[in-house]
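Taking it in order: structure first as structure tokens, then the write-up.
Numbers restart at 1 for each chain; the letters A, B, ... are given by sequence-line order, proteins then strands. Computed from a predicted structure; not experimentally measured.
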There are 2 protein chains.
Amino acid sequence: MSTLTKELLDESSMRGRGRPRDEDARARILQAAIQILESTCFINATADAIAERAGASKATIYRWWPNKEAVFIEALRETTAQELPFPDTGDLREDIRQQLHNFVKLLTGRRGRTFKAFIAAGQSDPEVAEAFRNLWIKPRRAQTRAVLERHQQAGRIAPEIDLECFIDLLYGPFYLRLVGGHRPLTPALADAITDMALAAATHSLSESVDGSGETIRSVPDPAL
Amino acid sequence: MSTLTKELLDESSMRGRGRPRDEDARARILQAAIQILESTCFINATADAIAERAGASKATIYRWWPNKEAVFIEALRETTAQELPFPDTGDLREDIRQQLHNFVKLLTGRRGRTFKAFIAAGQSDPEVAEAFRNLWIKPRRAQTRAVLERHQQAGRIAPEIDLECFIDLLYGPFYLRLVGGHRPLTPALADAITDMALAAATHSLSESVDGSGETIRSVPDPAL
DNA sequence: GATTTTCGAAACTTTCCGGTATCGTAATTT
DNA sequence: AAATTACGATACCGGAAAGTTTCGAAAATC
């Protein structure tokens, strides 16, 4: 975080003559960008605000990034890269429960505002939308899918379940409350979704147990 | 839509002396507002754009609405008031399936862009966010809940299911794909969510049949 | 020490847009 | 006919913010 990241690797060979880039300023700018998204909305996330908070100059920002959005995108990449790893204990229920609880904790914290800001900004800026997809959504989905695939192959998720849709079923409710704001994001929701998602994933499984190999998706008589 | 809505009700009594408000212009302005949200993003939804498209004057807009956002809010109210009624046939599966298919159709059409615009604008304008909640989200949820409550009382949904969470489970995946853009909104998703949501709603139901009155949320042995 | 490149600070330009004011005209009441 | 109010068109005002430029100082190479 301090002035430790000076000359690194063998970039010294391709270094020009003049004063080198201030890596510390780079870090401060990215951190300021994220902090602004965490506190206020995108509307207040101006280039001046970043510069002021980072103790840097606007000229410095525009020397290294083509525009304001690029700063936010790089900041998102650096801060969310390692977040929310899907648990893989072998216990499907516990994996899901843990993950959804962590997700709630993430969304109710500072990161929730960051995501809302990116979702909002993505509507008018395709590059921001693509960045949010590629840097946040897709990596999480890929990792989630990897774990769920193992559970499915182990028979703990019914084989006819479309995992992509199942992942939407898992995370969708939380994004809905995040952007809808009709109800708060609580651990209770995480528990409820865990129960329901697990029932959905194992339903046909428990049915195929009692008899027909044909996976009949029979429902209790609609008329009571 | 034409000049039919002139003097209506007994407002003629409280009409002043001068030229009356041009109700046709009002309709054109609201229609223009919605059309702009449907075509481009909120970013292009300027007051000038509304005026031009409506063939009206900006002065007329600001005479009847306090600001730009109020126009969009009233336009949302008028256009979405009657949309997406939850089916109530008594057949839970068919009710859900129909509703989700209609929802997909709605979101993939022009209305999807409108919603994205409102979600985005709501991040920086609390009044817009509240309007979207009160005019779209909450009415749909209330109606959905009313129908689902009857299904639950009739025993077609397990009694321990929290309907609010279940509603989030139903609609969440579609909002997620709408704002995430990682996968397209397809009827196939509606079918998949229908199957999984129904399994979730009836799972404990089929379990409580075979024995214990205690609602144990037991799962098939995690280790296969 | 000369050169080169970056730095922070701040002024600056440019563009855009929300909202207001003006003006001549149209519609309605009295 | 007079008074009143709304209309469309258009010019205008003020602020905000993206991005550029200028400037003197700092940090590196040669």
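Considering only side-chain atoms of B/Pro20, the nucleotide from D/dA28, C/dT28, D/dA18 that sits closest is C/dT28. Nearest nucleotide to the side chain of A/Arg19, out of D/dG19, D/dA26, D/dC7: D/dA26. Distance from the side chain of A/Ala25 is smallest for C/dG8 among the nucleotides D/dA9, C/dG8, D/dC7. Here the side chain of A/Trp64 is nearest to one of D/dA18, D/dG19, C/dC7, namely C/dC7. Taking only side-chain atoms of B/Asp48, from C-beta outward, the nucleotide of C/dT6, C/dG18, C/dT3 with the closest atom is C/dG18. Listed nucleotides D/dC30, D/dT4, D/dT21 differ in distance to A/Arg17; the shortest reach to its side chain belongs to D/dC30.
Separating the CD1 atom of A/Ile61 from the P atom of D/dT21 is a distance of 17 Å, rounded to the nearest angstrom. Atom CG of A/Asp22 is separated from atom P of D/dA26 by 14 Å (rounded to the nearest Å).
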Review point. Pairs counted as Watson-Crick or G-U wobble with both distances under 3.5 Å: what dot-bracket string results for DNA chain D, using | for bases tied to another strand?
Key: ||||||||||||||||||||||||||||||
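Base engagement by A/Lys58 is indicated by at least one non-hydrogen atom pair under 4.0 Å involving a base atom. Across all strands shown, A/Arg28 has heavy atoms under 4.0 Å from sugar-phosphate atoms exclusively, and none from any base. Contact annotation for B/Ala51: no contact, since no heavy-atom pair falls under 4.0 Å across all strands. As judged by a 4.0 angstrom heavy-atom cut-off over every strand, A/Trp65 is placed among residues making no nucleic acid contact.
Of the charged side-chain nitrogens involved, none lies within less than 4.0 Å of a carboxylate oxygen, so that A/Glu83 and A/Arg140 do not count as a salt-bridged pair. Remark: A/Asp168 does not engage B/Arg183 in a salt bridge, criterion side-chain N to carboxylate O under 4.0 Å.
Between B/Thr60 and the phosphate of D/dG8, there is a side-chain N or O to OP1/OP2 separation shorter than 4.0 Å.
Nearest-nucleotide mapping onto DNA chain C: of B/Lys68 and B/Ala59, the residue sitting toward the 5' end is B/Lys68. For the pair B/Ser57 and A/Asn44, both in contact range of DNA chain D, the more 5′-proximal nearest nucleotide belongs to B/Ser57.
Legend: residues meeting ring-ring contact (aromatic ring centres under 6.0 Å, His included) with A/Phe166, ordered by chain and number and at least two apart, are absent.
A 4.5 Å side-chain heavy-atom check between B/Arg26 and B/Glu74 finds at least one atom pair inside the cut-off. Contact annotation: the side chain of B/Leu30 approaches that of B/Val71 to within less than 4.5 Å [non-hydrogen atoms, C-beta and beyond]. Between B/Arg141 and B/Glu164, some side-chain heavy-atom pair lies under the 4.5 Å cut-off.
Residue B/Arg63 places no side-chain atom within donor-acceptor reach of the base of D/dA6, judged by atom type and a 3.5 Å distance cut-off alone.
Within the 6.0 Å centre-distance limit, the rings of B/Phe103 and B/Tyr171 are counted as a close aromatic pair.
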